[in-house]
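Any value given below was found using the heavy atoms of this structure, including those in side chains, with hydrogens, waters and symmetry copies removed. For ligands, and for the atoms within them, numbers begin at 1 and follow the listed sequence.
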Amino acid sequence: MDLEQRSISVDSLLPHYERYFGHRPAIIAAAPGRVNLIGEHTDYNNGFVLPMALEMINAVSVAPSPTGKHRWVGSLGDSIIELSPEEASRPGDPFWSNYVRGVVCMLERRGVKVPPVDMLVDSNVPRGGGLSSSAAFEVSVCTALAALCGADVPPTESALIGQQTEHEFVHVPCGIMDQFISANGKKDHALMLDCKDLSYRYIPMTDPSVSVLVIDSAVKHSLADGGYAARRKNCEDACGVLGVQSLREATLEMLEQHKNRLGDLCYRRARHVVAENLRVSAFADAVQRGDWETAGIAMRGSHASLRDDFEVSCAEVDTLVGLSYTIPSAESVYGARMTGGGFGGCIVALVKSNAVEQVAHEMLEGYREALGIETTYIVTRPGQGAHLLFQEK
Ligand code: GLA
């Protein structure tokens, strides 16, 4: 995976689309990947998350197909796949097409009739890096198809459609965070979401003295491999013991009280979730008052808890986070942590802007020395959530 990606624009997409289909698209929609600043494995526990959208996007160009069949291209250079209107809303091959099939199905469930379309997908969100390329895919397809059909699908509904697609067509039991931020992200803002009722507030991230640094561990992760589902199950089991609907209702005191009945594993899983919710609130308040030191401490606490209690980190990611304490420029790092589902993927750090390139350089060098792995990074601002790039007049 390479975090230093090529750019995507309407000007670059139009000629590709015309070459594939011989006519122009009616709509081009974009939706971003995300990096989660804090609040990990809390979304499916009705807790708090605090992600921001990236500037990297998945772009979907569409127009009604003149052939009466759907014709889709999954990425630039691929060949066209053809599906009948009935096939387009059922699971099938190739695997990537399920992201589109699922969205078509979920739109139709909501009464939106999707006509056969010619669709070209292009993305510069790296796949398998924990930056939610799948959510960006689902949400951009939904945004494009809704606009094409003239259907009013608010961003949060688009996010739910993406999540249902993930559950029913991709078989990943994800929470709502990734799709939600991809749909609702706002330029120059992070977003604090209460996953219990989907209420949210934007948190300005406009302080020029602080930068968001994302570094890839170059370890592939896969949420479908069971680790994620197993964590969800541990959390449900803990709820059963505690007699609560979700871990959102649990407190640290309750966990102490029921420690023996919970058993070590469920106790630690639940402790991560309960404490992480507290850290999200502390982080949000700190960022809002420009207290980056406190925000950084919350991030560091989050990482330790994900590593030790929730056990979703890995040696490579721990090495990267460890380097943020030991590199020569360590005093310029406010905090660093793994981001996303875990088991590899990226780390996110808040760094003093005047030192961010130096920090990135030292981290990459340290990583190469420690593990022999070459990797890449980006420095990014919060990007815009799903939006239309182009609409034929
Ligand atoms: C993945 C899932 C999200 C969330 C994170 C962990 O990204 O898609 O819903 O659970 O893992 O915070």
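Using a 4.0 Å cutoff on heavy atoms, R34 counts as a contact of ligand 1.
Two rings, from H361 and Y377, have their centers 6.0 Å or more apart. In summary, the aromatic rings of H23 and Y17 are positioned with their centroids under 6.0 Å apart.
Less than 4.0 angstrom separates some heavy atom of D43 from each of these atoms of ligand 1: 3 (C), 4 (C), 9 (O), 10 (O). Interface atoms of ligand 1 facing M177, defined by a heavy-atom separation under 4.0 Å, are 4 (C), 5 (C), 12 (O).
Using a cut-off of 4.0 Å between Lys/Arg side-chain N and Asp/Glu carboxylate O, R271 and D308 are scored as not salt-bridged.
Among residues two or more places apart in sequence or in another chain, the ring-ring contact (aromatic ring centres under 6.0 Å, His included) test is passed with F390 by none.
Nearest residue to atom 7 (O) of ligand 1 from L131, T42, D178 is D178 (criterion: closest heavy atom).
Taking the ring centre of F48 as origin, the terminal cationic atom of R248 falls inside the region bounded by 6.0 Å and 45° from the ring axis.
For the pair Y44 and ligand 1, the shortest N or O to N or O distance does not fall below 3.5 Å. Considering backbone and side-chain N/O of G175, one or more are found under 3.5 Å from N/O of ligand 1.
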